[in-house]
Amino acid sequence: LVPTTLKLPELAYHGSTKDIRSHTEYFDERSILVDEFMIPRREERIADWLLYFHQKVRPLSEYRFILLDIPGTYPKTFRLMRRLAPQTQLMFRSHNAEFYHRLDWMNAEANWLNKAKFFKQAIQGLWGDYQTARVADAILPITSWDADTYWKKLVRKNRKWRIQAVPYF
């Protein structure tokens, strides 16, 4: 599952677009069959899309793996996918450690109201990532630093193996 923004020409050379397309190339070169679907980035709209797809097109449980490769945090999406497809391996491609990412935005901001907004987003991102880490079968951050310093702290000790850094290809 990839974002609809992937088709925007102005984002063709954006880091997350190149990362997603490197996965496409990886699967193509190895003749790995993949269904790629572009979905909206808002969590409520993702849920609507997943429910429609699951009920009208193909049950999610028919997939062995689902990779959500959209920048942001999506705990409700992972809980819904887990409910609809309990045996499917759910993977999340993490483009940022959301908590630290938003704190960086906050520190760069001069306006105190915007600082407060970014701090709130940092807390929400941390909570969302914590919930996602508890439901997803694998978290694939873009750096070892994100994996070791952030994501592995969000899971129980016996589940740290599920966090594997996968740098940009």
Side-chain angles (χ1 to χ4, degrees), residues 1-7 11-43 45-47 49-50 53 60-105 121-122 124-169:
L1 303 173
V2 298
T4 53
T5 55
L6 201 61
K7 61 186 171 190
L11 296 180
Y13 300 102
H14 195 262
S16 59
T17 301
K18 291 189 291 185
D19 183 50
I20 292 167
R21 284 297 161 231
S22 73
H23 302 144
T24 305
E25 180 182 321
Y26 177 90
F27 296 134
D28 284 348
E29 287 179 354
R30 288 155 182 82
S31 300
I32 299 171
L33 296 177
V34 173
D35 289 337
E36 180 180 277
F37 300 104
M38 291 189 183
I39 60 174
R41 284 179 70 164
R42 297 203 45 216
E43 194 158 45
R45 295 181 64 204
I46 295 173
W49 186 93
L50 284 171
F53 184 86
L60 293 179
S61 58
E62 290 184 11
Y63 288 95
R64 288 183 53 210
F65 301 94
I66 296 176
L67 170 62
L68 183 66
D69 197 346
I70 301 178
T73 186
Y74 301 93
K76 292 177 189 171
T77 299
F78 275 90
R79 285 194 302 270
L80 176 61
M81 288 191 296
R82 176 60 67 220
R83 185 170 53 83
L84 296 174
Q87 302 305 315
T88 299
Q89 296 292 299
L90 303 177
M91 299 178 287
F92 178 54
R93 174 59 164 174
S94 169
H95 292 260
N96 292 299
E98 283 301 316
F99 179 71
Y100 295 124
H101 185 59
R102 298 300 168 185
L103 288 183
D104 283 344
W105 284 30
Q121 289 175 355
Q124 289 170 332
L126 176 62
W127 179 240
D129 285 346
Y130 173 80
Q131 293 176 75
T132 298
R134 298 296 173 144
V135 177
D137 295 298
I139 306 289
L140 310 172
I142 62 172
T143 69
S144 295
W145 187 92
D146 286 1
D148 297 336
T149 308
Y150 184 69
W151 283 101
K152 287 184 179 180
K153 293 183 182 343
L154 300 180
V155 296
R156 291 188 281 290
K157 196 177 282 190
N158 65 341
R159 297 179 66 106
K160 290 184 188 297
W161 62 270
R162 298 181 313 136
I163 314 297
Q164 297 294 322
V166 178
Y168 282 159
F169 177 54

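- Listed by chain and residue number, nothing satisfies the salt bridge (Lys or Arg N to Asp or Glu O under 4.0 Å) test with Asp28 (two or more places apart in sequence, or in another chain).
- Going from atom OG1 of Thr73 over to atom CZ of Phe92 covers 5.5 Å, rounded to the nearest 0.5 Å.
- Atom-to-atom distance recorded for Leu90:CG and Arg162:CZ is 10.0 Å, nearest 0.5 angstrom.
- The only member of Tyr74, Trp151, Tyr150 that meets side-chain hydrogen bond (donor to acceptor under 3.5 Å, both in side chains) when paired with Asp129 is Tyr150.
- To the nearest 0.5 Å, the span separating CZ on Phe78 from CE on Met91 amounts to 9.0 Å.
- Residues meeting the salt bridge (Lys or Arg N to Asp or Glu O under 4.0 Å) test with Arg82, sequence neighbours left out: Asp137.
- In this structure, Lys152 contributes its side chain and Lys160 its backbone to no donor-acceptor pair below 3.5 Å.
- A donor-acceptor pair is defined here as one N or O able to donate and one able to accept, closer than 3.5 Å; no such pair exists between the side chain of Arg83 and the backbone of Arg79.
- By the 4.0 Å N-to-carboxylate-O rule, Arg21 lies close enough to Glu36 to be salt-bridged with it.
- Within a 6.0 Å radius of CZ in Phe53, more than 12 heavy atoms belonging to other residues, nucleotides or ligands are found.
- Residue pairs meeting the salt bridge (Lys or Arg N to Asp or Glu O under 4.0 Å) criterion with at least one member in residues 94-104, sequence neighbours excluded: Glu98-Arg102.
- Between the side chain of Thr17 and the backbone N or O of Leu11, at least one donor-acceptor pair lies under 3.5 Å.
- The closest donor-acceptor contact from the side chain of Arg45 to the backbone of Ile39 lies at 3.5 Å or more, if one exists at all.
- Atoms CG and CD1, from Asn96 and Ile142 in turn, are 6.0 Å apart once rounded to the nearest 0.5 Å.
- The shortest heavy-atom contact between Pro3 and Met38 is O-CG, 4.0 Å.
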**Request:** Show your reasoning for whether side-chain contact (heavy atoms from CB on, under 4.5 Å) applies to Ile66 and Leu68.
**Result:** CA-CA 6 Å; Ile66 296 176; Leu68 183 66; 5.6 Å; no

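- Considering OG1 of Thr24 and CD of Glu29, their distance stands at 11.0 Å, rounded to 0.5 Å.
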**Request:** Test side-chain contact (heavy atoms from CB on, under 4.5 Å) on Leu6 and Ile20 and set out the steps.
**Result:** CA-CA 8 Å; Leu6 201 61; Ile20 292 167; 3.7 Å; yes

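- Results of the side-chain contact (heavy atoms from CB on, under 4.5 Å) test with Leu1 over Leu50, Ile46, Thr77, Leu67 single out Leu50 as the only residue that passes.
- The heavy-atom pair separating Ile70 from Pro40 by the smallest distance is CD1-O, 4.4 Å.
- In this structure, Ile163 CD1 and Asp146 CG are separated by 11.0 Å, a value rounded to the nearest 0.5 Å.
- Residues Gln164 and Pro141 share a closest heavy-atom pair of O-CD, 3.3 Å.
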**Message:** For Asp69 and His95: C-alpha separation, side-chain torsions, deciding distance, then whether side-chain contact (heavy atoms from CB on, under 4.5 Å) applies.
**Reply:** CA-CA 8 Å; Asp69 197 346; His95 292 260; 2.8 Å; yes

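- Counting heavy-atom neighbours within 6.0 Å of Glu62 CD, excluding the residue itself, gives a total above 12.
- Judged by distance alone, the side chain of Arg93 and the main-chain N or O of Val166 form a donor-acceptor pair under 3.5 Å.
- Using cut-offs of 30° and 60° for the angle between ring planes, the Phe27 and His23 rings count as tilted.
- In terms of modelled atom types and a separation under 3.5 Å, the side chain of Arg134 and the main chain of Leu154 share a donor-acceptor contact.
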